[in-house]
Amino acid sequence: MVLKIFNTMGMKKEDFIPLREGEVRIYACGPTVYDFIHIGNARAFVVADTIRRYLEHRGFKVFFISNITDIDDKMIKRSQETGLSIQQLGEIFSDAYFEDIAALNIKKPDVSPRATQHIPEMIEVIRKLMEAGYAYQVDGDVYFDVSRFEDYGKLSGNKTEALEMGARIEVNPKKRNPADFALWKARKEGEPGWHSPWGEGRPGWHIECSTMAMKYLGETFDIHMGGKDLIFPHHENEIAQAEALTGKTFARYWIHNEWLTVEGQKMSKSLGNFITVKDALKICSPQVLRFFLISAHYRSPIDFNRESLKLAEANLERINSAMERLQGLRERANRTSEEENLLSEVRDARSKFEEAMDDDFNTPLAIAAIFNAVKAINSYADKNAEIEALTKREVYETVKDLMGILGINIETRREEYAEEKTTIINELINLIIDVRQEMRRRKEWKISDEIRERLQKIGLTIEDSPQGTRWKLKKIQDLNKFSKHF
RNA sequence: GCCGGGGUGGCCGAGCGGUUAGGCGGCGGGCUGCAGACCCGCUGACAUGGGUUCAAAUCCCGUCCCCGGCUCCA
């Protein structure tokens with residue numbers, strides 16, 4: 001089976017063939033560290049991470065770069081607002097960024113290059129672009145001359161002439177063509193600056209990604225990704241800079257994820273519906289947030305709201321509890337046809353999962369395949385209290401693997417539970433359950449039910465079954481807090 | 001004005017020419033003292049008007065809505 005990827009360049013699905021066999025080099029646009037990352041950023045990062053994990057699962061050696069923008073207009077503005085230096089801002093919020101992505105189980109990039117640590121490289125790229133006649137200097141600014149680069153607009157489908165028509169901002173009179181963009185900006189009063197052949201100044205936004213991508217991944221690499229808003233102008237400009245310089249294809253596959261909305265609307269500061277990852281994690285667990293983010297295909301819009309979070313939580317719970325039931329089955333040596341059956345269902349789920357992911361990373365379809373396995377497990381556990389040991393292991397490991405590709409760690413929950421179950425509280429709960437069992441034996445239903453209800457209220461769910469009474473901690477957060485938080 | 005993406009059953013969400021998507025909910029049944037969890041069955045859909053085809057949610061044309069990019073933004 002070939003892996004197919006929808007390439008923004010050309011707007012169609014293509015077979016994925018890496019430049020070097022068995023290796024994939026990826027550049028994903030990272031955060032500007034002027035604030036905490038929000039759940040829209042989280043979607044982009046989770047999508048990138050899931051793609052990375054799947055490629056690794058498929059046996060590729062993946063080299064994954066994601067930059068940190070620590071100097072640009074937003075950084076300067078925020079620094080002036082807060083009184084913190086740009087370096088301090090960068091440190092605070094890049095730490096927060098790493099904390100947030102760790103919570104979401106996003107693997108750290110192999111390199112997280114920072115713009116401010118690559119100024120000399122950027123100056124060098126700009127210098128070469130000027131030498132080749134692709135850029136011009138006006139006062140202390142340097143602009144890229146879009147008219148010199150024939151392919152300008154090939155990614156976004158924008159035509160240079162059309163861009164002028166729709167321009168909603170005043171045209172900078174220094175530019176030869178309104179579509180020209182800054183490679184280097186002269187330092188203004190109160191701004192940081194670096195020495196350059198054009199005087200003190202700082203790099204434009206787009207040049208950092210072209211420069212750092214080429215430095216770490218080479219002039220041509222496999223995948224470049226980010227949110228769809230970056231298609232124009234950011235990625236278009238990256239292509240112009242890099243390809244004007246090298247004459248070679250910059251990135252071979254462009255992947256862009258759709259937007260996340262909040263209760264039907266685009267997130268924005270002015271609407272007051274701007275939700276950071278840290279805020280979101282006050283009302284749901286990181287696993288639920290991640291599961292929610294991949295429950296729609298990455299090229300479809302997704303809406304963050306109470307209902308969709310609840311749904312994600314319920315779905316994840318279904319998977320987790322099937323895994324716990326499986327774990328709870330006693331092991332035995334011989335295999336029956338029931339086990340054969342279970343195994344074939346689970347193996348089938350695995351290949352369906354892979355098929356789905358091979359088709360442009362169709363995570364919702366892949367999740368549906370996991371549900372097939374879940375149903376088979378529940379079905380088995382309904383009829384059997386025992387299972388052949390190797391079957392149990394294979395079934396467990398398969399589901400765990402597949403969930404792991406999606407970045408959801410099944411073990412995490414088990415570990416949390418295990419920890420809590422070893423405490424003295426565990427004994428207390430067992431004591432209460434034993435007392436309730438005795439009441440039930442005496443058919444004292446009223447008091448039995450009251451015990452169950454009161455435990456439920458404090459977040460402890462009791463489930464009676466022919467095999468005895470099970471209890472579990474209710475991890476579900478109070479989603480009624482939703483509107484209070486936002 | 002120029003580009004682009006959509007409208008699928010009560011809800012979320014795949015499919016994009018012929019085969020049950022999946023989950024949540026609802027209804028019926030099983031298990032249970034009851035409840036929950038779980039299992040089985042049922043329910044129910046392709047915005048709209050034309051067209052192409054043996055066959056269309058899927059392709060083509062028109063219409064109506066929604067959303068995004070062209071400006072910092074994942």
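Quantities reported herein were computed from a predicted structural model and do not represent experimental measurements. Each chain gets a letter, A, B and so on, in the order the sequences are listed, and its residues count up from 1.
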Using a heavy-atom cut-off of 4.0 Å across all strands, would you classify A:R440 as base, sugar-phosphate, or nothing?
base
Is the shortest side-chain heavy-atom distance between A:R53 and A:N105 below 4.5 Å?
yes
Report yes or no: do A:N158 and A:Y152 form a side-chain donor-acceptor pair below 3.5 Å?
no
With distance as the sole criterion, do the side chain of A:H38 and the base of B:rA74 form a donor-acceptor contact below 3.5 Å?
yes
Nearest-angstrom distance from the residue atom CG of A:D382 to P of B:rG30
15 Å
When the C1' atoms of B:rG5 and B:rG10 are considered, how many whole Å apart are they?
26 Å
Of the nucleotides B:rG36, B:rC34, B:rA14, which has the atom closest to the A:D464 side chain?
B:rC34
Between B:rG18 and B:rU58, how far apart are the C1' atoms? Round to whole Å, please.
11 Å
Determine the interatomic distance between C1' on B:rA56 and the same-named atom on B:rU8; round to the nearest Å.
14 Å
For A:L230, which contact category applies under a 4.0 Å heavy-atom criterion: base, sugar-phosphate, or nothing?
sugar-phosphate
Give one of base, sugar-phosphate or nothing for A:E307, where a contact means two heavy atoms less than 4.0 Å apart.
nothing
Could you give the distance separating B:rC24 and B:rG13 at their P atoms, to the nearest angstrom?
16 Å
Protein-nucleotide distance (A:E355, atom CD; B:rA14, atom P), rounded to Å:
18 Å
G-U wobble or Watson-Crick pairing nucleotide for B:rA74 (cut-off 3.5 Å, both distances)
none
For a quick check of understanding: with a heavy-atom distance under 4.0 Å over all strands, which category does A:I231 fall into, base, sugar-phosphate or nothing?
nothing
For B:rG68, give its Watson-Crick or G-U wobble partner with both distances under 3.5 Å, or none.
B:rC3
Rounded to the nearest 0.5 Å, the CD atom of A:Q456 sits from the CZ atom of A:R454 at a distance of 13.5 Å
A:L155 versus A:I231, closest heavy-atom pair with distance
CD2-O, 3.9 Å
How many Å lie between NZ on A:K383 and C1' on B:rC40, as a whole number?
10 Å
Would one find a side-chain N or O of A:N362 under 4.0 angstrom from OP1 or OP2 of B:rA14?
no
Name the closest nucleotide to the A:T32 side chain, picking from B:rG22, B:rA14, B:rA74.
B:rA74
To the nearest angstrom, the CE-C1' distance between A:M439 and B:rC34 comes to 17 Å
Any base atoms under 4.0 Å from A:A314, or only sugar-phosphate, or nothing? Heavy atoms, all strands.
nothing
For B:rG4, does OP1 or OP2 lie under 4.0 Å from any side-chain N or O of A:S156?
no
Any chance the rings of A:F221 and A:F250 have centres within less than 6.0 Å?
yes
Considering only heavy atoms and no angle criterion, is a donor-acceptor pair shorter than 3.5 Å present between the side chain of A:D449 and the base of B:rG33?
yes
B:rC73 OP1/OP2 closer than 4.0 Å to side-chain N/O of A:N41:
no
For the pair made of CD in A:E317 and P in B:rA37, what is the distance, rounded to whole Å?
10 Å
If we only count heavy atoms from C-beta on, is the A:Y253 to A:M225 side-chain gap below 4.5 Å?
no
Paired nucleotide for B:rG22 [Watson-Crick or G-U wobble; both distances under 3.5 Å]
B:rC12
Would you kindly check whether a donor in the side chain of A:K266 faces an acceptor in the base of B:rC73, or vice versa, at under 3.5 angstrom?
yes
Is there a side-chain contact between A:W205 and the phosphate of B:rC73, meaning an N or O under 4.0 Å from OP1 or OP2?
yes
If the C1' atom of B:rA55 is compared with that of B:rU19, how far apart are they to the nearest Å?
13 Å
Between B:rA74 atom P and A:H235 atom NE2, what is the distance in whole Å?
11 Å
Cation-pi geometry met for A:R78 and A:Y34 (6.0 Å, 45°)
no
What about A:R452, does its side chain sit under 3.5 Å from the base of B:rG36 through a donor-acceptor pair?
no
Between P of B:rA14 and NZ of A:K4, the distance in whole Å
20 Å
Side-chain heavy atoms of A:D464 within contact of A:I462, under 4.5 Å:
yes
Pairing check on B:rA37: which nucleotide meets the Watson-Crick or G-U wobble criteria with it, both distances under 3.5 Å?
none
Counting the atoms with a prime plus P, OP1 and OP2 as sugar-phosphate, which does A:S295 contact under 4.0 Å by heavy atoms, base, sugar-phosphate, or nothing?
sugar-phosphate
Between the base of B:rC24 and the side chain of A:R318, is there a donor-acceptor distance below 3.5 Å?
no
Describe the nucleic acid contact of A:K74 in one word from base, sugar-phosphate, nothing, applying a heavy-atom distance below 4.0 Å.
sugar-phosphate
Contacts of A:A376 and A:W445 projected onto RNA chain B by closest heavy atom; the upstream (5') one is A:W445
In whole Å, measure the gap between the C1' atoms of B:rC16 and B:rA57 for me.
8 Å
Would you mind telling me which of B:rG36, B:rG69, B:rG22 lies closest to the side-chain atoms of A:N158?
B:rG69
Rounded off to whole Å, could you give me the CZ-to-P distance for the A:F232 and B:rC2 pair?
17 Å
Nearest-angstrom distance, C1' atom, B:rU43 to B:rC61
36 Å
Students often get this wrong, so: under 4.0 angstrom with heavy atoms, is A:G40 touching a base, only sugar-phosphate, or nothing?
base
Roughly how far apart, to the nearest Å, are B:rG15 and B:rA45 at atom C1'?
12 Å
A:W259 vs A:R436, nearer the 5' end of RNA chain B by closest nucleotide:
A:R436
Does a side-chain N or O of A:K228 approach OP1 or OP2 of B:rC3 to a distance below 4.0 Å, or not?
no
Does B:rC40 have its OP1 or OP2 closer than 4.0 Å to a side-chain nitrogen or oxygen of A:K375?
yes
Does the side chain of A:R114 come within less than 4.5 Å of A:S94's, by heavy atoms?
yes
